[in-house]
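Each remark here refers to the structure printed beneath this line.
Numbers restart at 1 for each chain; the letters A, B, ... are given by sequence-line order, proteins then strands. Every value quoted in this text rests on a predicted model; they were computed, and no experiment measured them. Values reported hereafter were calculated over all heavy atoms of this structure, with side chains retained and with hydrogens, waters and symmetry mates removed.
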Protein chains: 2
Amino acid sequence: MVTLEDVARHAGVSLATASRVLNGSARQVGAGLRAKVEQAAAELGYRTNVAAQTLARGAGNVIGLVVHDLVDPYFAAIADGAVRAAEAHGMVVMVGTTHRDPAKEIAYVSSLGAQRARAVILAGSRTDDPSAAGLRAELDRYRNGGGRVAVIGQDLLGTDTVAVANRSGAAALAEALTAMGHRHFAILAGPPRLITAVDRCEGFAAALPGPAPQIIHGPFDRDGGHTAAHSIGPDVTCVFAVNDVMAVGALAAFRERGIRVPEDVSLAGFDDIATLRDLVPALTTVRLPLADLGARAVELALADDDGPTVVHVEGEVVIRESVRAR
Amino acid sequence: MVTLEDVARHAGVSLATASRVLNGSARQVGAGLRAKVEQAAAELGYRTNVAAQTLARGAGNVIGLVVHDLVDPYFAAIADGAVRAAEAHGMVVMVGTTHRDPAKEIAYVSSLGAQRARAVILAGSRTDDPSAAGLRAELDRYRNGGGRVAVIGQDLLGTDTVAVANRSGAAALAEALTAMGHRHFAILAGPPRLITAVDRCEGFAAALPGPAPQIIHGPFDRDGGHTAAHSIGPDVTCVFAVNDVMAVGALAAFRERGIRVPEDVSLAGFDDIATLRDLVPALTTVRLPLADLGARAVELALADDDGPTVVHVEGEVVIRESVRAR
DNA sequence: CTGTTAGCGCCTTCAT
DNA sequence: ATGAAGGCGCTAACAG
């Protein structure tokens with residue numbers, strides 16, 4: 001491994017000069033020496049040792065991203081946006097997947113702290129229960145060490161956050177559906193303590209003028225939607241799944257039972273997952289700028305503002321074939 | 001930031017002892033001191049400084065993963081497997097997305113070299129053209145620096161590789177389709193120089209007993225399949241898209257033109273993307289253990305064998321509704 | 001503008 | 001089993 005010192009010697013300059021041209025920011029080196037150094041570096045095949053650099057500088061160039069599941073297109077899209085934004089800032093991202101295990105989430109934050117990561121981005125909403133205390137403590141520790149934290153979802157950790165307007169988005173969807181003549185709804189509501197799910201569910205229900213909707217809880221994924229769909233009451237004309245992936249599960253369940261969408265029942269989701277755009281019937285949903293969410297979180301975490309900043313992101317109702325007017 | 005030295009002082013032991021307790025491998029420290037150190041570390045909230053550790057040890061704990069696009073479920077699944085496997089080895093994964101830009105691929109490998117990454121995993125097949133020379137050079141440099149590299153796809157870089165049996169998988173599919181009575185095929189073949197695409201296309205074509213198939217080139221993604229599908233000849237009874245995502249595009253194109261699948265034409269893909277499992281009609285395809293691909297690549301790269309190891313992975317033909325017997 | 005010189009935090013022989 | 005001391009490769013004041 002060739003070191004900076006090798007380069008300096010080879011170029012006949014001091015270590016400091018070599019450092020300045022190869023890594024330093026303010027370019028205060030004469031053109032002659034600069035060229036010599038650059039050539040020497042090229043000839044020797046020098047590579048910066050990031051570990052040494054990080055140690056000396058006291059700050060690294062990694063951004064940590066913690067998601068539940070990369071296979072879930074929701075998180076994949078967020079990760080994509082985050083990676084792009086990080087790259088634009090000359091940072092690299094380290095991803096951790098928790099598969100919904102709170103302990104792993106904590107472990108990742110801890111690990112990222114050890115890496116002296118510049119920032120950590122948490123995607124996937126925190127569940128409302130006490131186990132979150134551990135995470136909170138770990139995050140505080142991380143921040144005390146000088147790290148920045150940004151959360152995608154809701155503002156409840158007192159950090160920078162990209163807040164998704166789940167309530168109002170769901171409400172807007174409810175209104176659109178109501179305007180199309182629907183009165184009897186069922187909500188595939190997801191886990192009773194998952195804040196994102198609860199917000200969407202409540203926002204939707206609260207905006208309904210007619211009778212209270214049937215609420216069916218279950219897992220936040222495809223199979224959760226599939227299972228929940230089996231419990232839907234007979235007079236329901238429109239089903240709202242709190243995310244697109246669940247809606248897909250519901251769609252499959254309906255198909256299995258010979259229930260046609262949208263002829264027999266209308267169906268709507270939330271997120272507008274791109275990979276699902278070719279589904280038939282096309283899913284009515286609330287579009288979220290997923291990649292943006294990730295990118296903005298990175299921007300927030302990297303901006304050196306003082307207090308926690310909260311950015312609000314609205315969804316947009318998109319009516320497609322899976323819903324039919326009554 | 002509390003350092004190891006702080007911990008040592010607080011525990012009344014030497015720096016070396018503290019190091020051995022907190023990070024070293026062979027545990028050669030007395031129970032008494034060990035306890036003291038652990039308590040001190042806990043009280044002070046000590047966190048290993050990975051950068052310092054990496055510098056001192058000369059080797060870090062990061063594995064680099066370079067993919068084209070995290071939003072593509074194919075890569076997302078691979079990334080998922082890689083992250084899990086890495087975690088099992090106490091490593092973390094840094095992902096880079098190239099969005100099919102060869103220059104970015106090189107840049108990432110370079111960056112990972114600077115990070116002294118333990119290994120880099122390259123997913124997404126190398127294109128056959130000369131621009132690959134740059135990548136090759138960069139990889140050699142990386143390996144000369146002591147890094148391991150593993151490739152997912154085909155064995156052509158002389159590195160550890162998880163080789164996907166694209167040819168034989170496609171051939172098996174062709175045979176199955178032929179056995180169902182199909183004779184006139186079209187292949188949505190992807191880019192003419194993308195090895196994975198070419199192998200699948202050729203493997204399929206070579207296994208056909210009847211007339212030569214119509215071959216239509218285009219991008220390797222959803223829109224590529226969509227566009228290519230418009231050029232399909234009138235007598236074709238079965239279409240093979242070289243990956244599932246392209247098949248989805250083709251499906252959409254058929255739908256737009258009122259061509260029914262599988263009544264009017266049969267359709268098959270490759271990969272068996274889980275997210276697409278609920279498509280209607282369900283896609284006939286060749287199943288690949290995607291997450292395994294990523295995990296195995298990590299295992300390969302981490303195993304300290306001597307020469308390059310090549311692991312072969314077979315696909316499995318899965319017949320679903322999108323194909324109908326003639 | 002360029003060179004000297006301390007560290008950054010940890011690991012690891014080498015003695016004891 | 002434990003401690004002392006020299007680096008790992010780079011950056012960042014300080015001097016010239």
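Between A31(B) and R57(B), it is A31(B) whose nearest contact on DNA chain D lies nearer the 5' terminus.
Using a 3.5 Å distance cut-off with no hydrogens or angles, the side chains of Q39(B) and H10(B) do not pair a donor with an acceptor. With hydrogens and angles left out, the side-chain atoms of E299(B) and H89(B) include a donor and acceptor closer than 3.5 Å. Under the 3.5 Å distance criterion, with hydrogens and angles disregarded, no donor-acceptor pair is assigned to the side chains of T97(A) and R84(B).
Taking atom CD on Q53(B) and atom C1' on dG7(D), their separation rounds to 16 Å, with Å as the unit. Separating the CZ atom of R116(A) from the P atom of dC10(D) is a distance of 20 Å, rounded to the nearest angstrom. In this structure, NZ of K36(A) is placed 15 Å from C1' of dC1(C), rounded to the nearest angstrom. As a whole-Å value, the separation of E5(B) CD from dG9(C) P is 9 Å. One can place CG of L22(A) at 9 Å from P of dC10(D), the figure rounded to the nearest angstrom. If you take CG of L15(B) and P of dA5(D), they are 12 Å apart, rounded to a whole angstrom. Distance, Q115(A) CD to dC8(C) P: 21 Å, rounded to whole Å. Across the protein-nucleic acid pair, N49(B) atom CG and dG9(C) atom C1' stand 6 Å apart, rounded to whole Å.
Five base pairs at each end of the helix from dC1(C)-dG16(D) to dT16(C)-dA1(D) define two local axes, and these are offset by 30° (rounded to 10°).
Of the candidates I63(B), L65(B), V66(B), L112(B) forms a side chain to side chain contact (heavy atoms under 4.5 Å, CB included) with just one, namely V66(B).
Phosphate contact (OP1/OP2 of dG3(C), side-chain N/O of S14(A), threshold under 4.0 Å): present. A sub-4.0 Å separation between OP1 or OP2 of dT2(C) and a side-chain N or O of T17(A) is absent. Between N23(A) and the phosphate of dT11(D), there is a side-chain N or O to OP1/OP2 separation shorter than 4.0 Å.
In this model, no side-chain donor or acceptor of R47(A) finds a partner on the base of dG9(D) within 3.5 Å.
Relative to the side chain of R20(A), the nucleotides dG3(D), dG9(C), dG3(C) differ in distance, and dG3(C) lies closest. Side-chain proximity of S19(A) to dG3(D), dT11(D), dC11(C): nearest is dT11(D). Of the candidates dC10(D), dA4(D), dC10(C), the closest approach to any side-chain atom of Y46(A) belongs to dC10(D). Listed nucleotides dT2(D), dC8(C), dT11(D) differ in distance to L55(A); the shortest reach to its side chain belongs to dC8(C). The side chain of A56(B) approaches dG7(D) more closely than any other nucleotide in the set dC10(D), dG3(D), dG7(D).
Ion pairing between a basic and an acidic side chain is recognised when a charged N comes within 4.0 Å of a carboxylate O; R136(A) and D140(A) show no such pairing.
You'll find the side chain of N61(B) reaches within 4.5 Å of the side chain of Q115(A), heavy atoms only. Side-chain contact check for L139(A) versus L122(A): some heavy-atom pair is nearer than 4.5 Å.
Counting non-hydrogen atoms under 4.0 angstrom, G58(B) reaches nothing in the nucleic acid. The residue L4(B) sits close only to the backbone: its heavy atoms come under 4.0 Å of sugar-phosphate atoms, none of a base.
Scanning both residues, Y142(B) and V120(B), for their nearest heavy atoms gives CE2-CG1, 3.0 Å.
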